Amino acid sequence: MNESPQIPAGSVFEEDNWRELKRFTDARIALGHTGASLPTKEMLKFSLSHASARDSVHMPFEKERIAGELEGLGFSTIQVNSQATNRQTYLTRPDLGRLLSASSGMLLADLPKNAHDLTVVVADGLSSKAVHRNAIPMIQHMLGYLAQLKFRLSPVVIAEQARVGLGDAVGEIIKSTFVAILIGERPGLSSPDSLSVYLTYKPHTGRLESERNCISNIRPEGLSYEKAAFKLAWLLEHASLRQCTGIELKDNSDDPETFQMIRPNEQIEAKLR
Amino acid sequence: MYKTSVGSTVYTFDSLKDLMAKASPARSGDDLAGISARCMEERVAAQMALADLPLKAFLEEPLVPYEKDEVTRLIFDSHDQEAFSHISSLTVGDFRNYILHENTTNEVLAAIAPGIMPEMAAAVSKIMRNQDLILAAKKCRVVTKFRNTIGLPGRLSVRLQPNHPTDDLKGIAASIIDGLMYGSGDAVIGINPASDSIPALSKLNYMLDDIIHRYEIPTQSCVLTHVTNSLEMMEKGIPVDLVFQSIAGTEDANSGFGVSLKVLDEAYEAALQLKRGTVGENVMYFETGQGSALSAEAHFGVDQQTCEARAYAVARRYKPLLVNTVVGFIGPEYLYDGKQIIRAGLEDHFCGKLMGVPMGCDVCYTNHAEADQDDMDTLLTLLVAAGVNFIMGVPGADDIMLNYQSTSFHDALYARQVFGVKHAPEFAEWLSKIRIINQNGFLSHHAKSPLIGIGNF
């Protein structure tokens, strides 16, 4: 005799009885199961996270909006492109993402040389979403520190289809002492919109990754704008004094003794100019 | 100079490494390196020329110079002529026929393995379809042992990967419990630490050691840190089961990882001395992945799949317990989409197994690759069909520390259900004793498990 299909009483999937452990980690634990498989709800939650992460990679970069907001803060801006002309080329040719297009190079060449201590580059990187959400608030939090450090700023460069190394190409033309590139990180499933800042002293083409300092996971759910802006200011101060960035400049900004202490002093100005 | 005529067109290839690169199935990394075939016809023409090439040619023309590269020296100096003599008369094309022939059994393949140079394995894989790579790998059995036995026919093991972005002990323990309760962890319980400091790494080793001994789990632990950190911990008497290292297929790429054969020799000897294994002495855990040599600008114009096979020659020197190709981690500039990742996973598994290396695979992708869970399901299914030794188990397939997607504890259960593959025998016995699985091999979560107490760290 055939068994009639029966829907089990209560839940049609098994819950895990260690759900209280979820408080110790953001990892996807105690998801429950139906047979060997994920319950429907958890399967779709994962799909949604992946969709958000994918969208952050492929969402068009709203550089006009970023430019407008920066101008509202009193910055002048210049928009540039890398040699990667579309997203697919960008993803498969990281080398092209590090090079300026010819017209962008000419645009930057019109700026005065050796006149700037810092060039801020705002770049889409692998997550436009991260830049749309976090770049402007991050720059707002930097303003006070930059005034304290008495840095002379070049126009902010807004760069599309850009890798971290594009900052070197920009800095090499403007001859800024520092380039700080704010760039969208490769999105994680639980963090589709993390921003990073890479700081490079005397940028030029061919700088190694080990010659930069990086501040990552900048977003309200990760490293706050306040903390990230302080970290960057601390690095700028110490990089000016030591005249280097990278592995030789250890980031000790978390040391409580240095907390919120940025010293604008004559020594920095003397070293910079 | 190698050439093939197709109608009135003559395709020429000016060196063996050029021929190998042009014969490689398409992938973005070889395009990035500028060494791939310029059109599809050229690719097949290269495959035809490669099929006609005697295997002996690889003994005459090193793809990476012998004088410049210690991996090439290792490959040539350790080449087993006696084992090679069984296949020395074959061309690459007939080598494929030979491997797939029904008379060529596991025993035959195991006997010739020491005679197979990585370049030979790579060459034959380039003229094999996915189904050939699966069928041939399925014949190769590589069994290794530490506290359990991995790689037996009809078995599938899982690395439990309980990573946490700040190495929080409770957070890691929570993921370990989750994994064990889902029957994962027989390959290794292996943490990718966020920290690089010896005290932090030592704490992780102590915690893993404590869990394994307190609950008498027949498995091994590993903290996946640089080999020099493991050496330092072993010297200090910190409990280290397996020594981990990322490796690549050229000396320069290995220096990019901060290692050389000398350092690996030293770590291997130190780990053997500890005698922590109970059923065997395979003490090393290596990770590899196509594209690592190119990304270190240390590929010598050799295609990424051949460079990868050369990494297995490094691995095989140390009789490792586990070798894991982390296939989709590197990103779309090396493997662009699901199709390329799937092909690469099958190639790596086949080449490793053919060379006698205990291959597992981190079936994975990043969010900027053109891939999704459906592609991972496909690769996982194909690899289990091919008899892969182990896969990863990450809670919900989402690694919150390394920010990529791998396979989950559930995925492993799926494979067990579809293929009937069992855990490592010692671990299966433990799971049944502690009543995580019932007599039918299904999960049994009804009883309150003592394991949940691990959370009291």
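Each chain gets a letter, A, B and so on, in the order its sequence line appears, and its residues count up from 1. Predicted model only: the values in this text are computed from it and were never measured.
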Subject >> Enclosure of A/E248 CD (heavy-atom neighbours >12, cutoff 6.0 Å) >> reply: no
**OP:** Counting only heavy atoms closer than 4.5 Å, note whether A/L38 contacts chain B via side chain, backbone, both or neither.
**Re:** both
Subject >> Over all atoms of both residues, closest heavy-atom pair of A/F46 and B/G396 >> reply: CE1-O, 3.2 Å
**OP:** Taking B/H410 for its side chain and A/G32 for its backbone only, find out whether a donor-acceptor pair lies under 3.5 Å.
**Re:** yes
Original post:
Should we count CD of A/E221 as having more than 12 external heavy atoms under 6.0 Å?
Top reply: yes
Subject >> Rounded distance (nearest 0.5 Å) linking atom CG of A/D26 with atom CG of B/D168 >> reply: 10.5 Å
**OP:** Output the distance between atom CZ (A/F24) and atom NE2 (B/H164), rounded to the nearest 0.5 Å.
**Re:** 10.5 Å
Subject >> A/I29 CD1 to B/M181 CE distance, which is reported to the nearest 0.5 Å >> reply: 11.5 Å
Subject >> Winner by heavy-atom pair count (cut-off under 4.5 Å) against chain B, out of A/E185, A/E42, A/Q88, A/K45 >> reply: A/Q88
**OP:** Of all the heavy-atom pairs spanning B/Q417 and A/A36, show the shortest one and how long it is.
**Re:** OE1-CB, 3.2 Å
Subject >> Contacting moiety of B/A369, where chain A heavy atoms sit under 4.5 Å >> reply: backbone
Original post:
At what distance, to the nearest 0.5 angstrom, does OG1 of A/T25 lie from CG of B/N163?
Top reply: 10.0 Å
Subject >> Separation between OG of A/S56 and NE2 of B/H368, rounded to the nearest 0.5 Å >> reply: 12.5 Å
**OP:** Answer yes if the ring centres of A/H50 and B/Y365 are under 6.0 angstrom apart, and no otherwise.
**Re:** yes
**OP:** Taking all heavy atoms of B/Y404 and all of A/R186, pick out the closest pair and write down the distance.
**Re:** CB-NH2, 4.2 Å
Subject >> Pairs of heavy atoms under 4.5 Å with chain B: top-ranked of A/A27, A/S47, A/P192, A/A53 >> reply: A/A27
Subject >> Side-chain donor-acceptor contact under 3.5 Å, A/S190 with B/D398 >> reply: yes
**OP:** Go through B/N403, B/I400, B/L402, B/N367 and name the one with the most non-hydrogen pairs under 4.5 angstrom from chain A.
**Re:** B/N367
Original post:
Within a reach of under 6.0 Å around NZ of B/K203, are more than 12 heavy atoms found that belong to other residues, nucleotides or ligands?
Top reply: no
Original post:
Taking B/S28, B/S408, B/S175 one by one, which has the highest count of heavy-atom pairs under 4.5 Å against chain A?
Top reply: B/S175
**OP:** Drop me the distance from A/L91's CG to B/E370's CD, to the nearest 0.5 angstrom.
**Re:** 7.5 Å
**OP:** Check A/T92 against B/P332 and note the closest heavy-atom contact, atom names and distance.
**Re:** CG2-O, 4.1 Å
Original post:
Do B/Y182 and A/H33 have ring centroids that are under 6.0 Å from one another?
Top reply: yes
**OP:** Using non-hydrogen atoms and a 4.5 Å limit, figure out which bit of B/D372 sits close to chain A: side chain, backbone, both or neither.
**Re:** both
Subject >> Portion of B/A371 that has a non-hydrogen atom of chain A nearer than 4.5 angstrom >> reply: backbone
Original post:
Where on A/S191 is there a heavy atom nearer than 4.5 Å to chain B: the side chain, the backbone, both, or neither?
Top reply: side chain
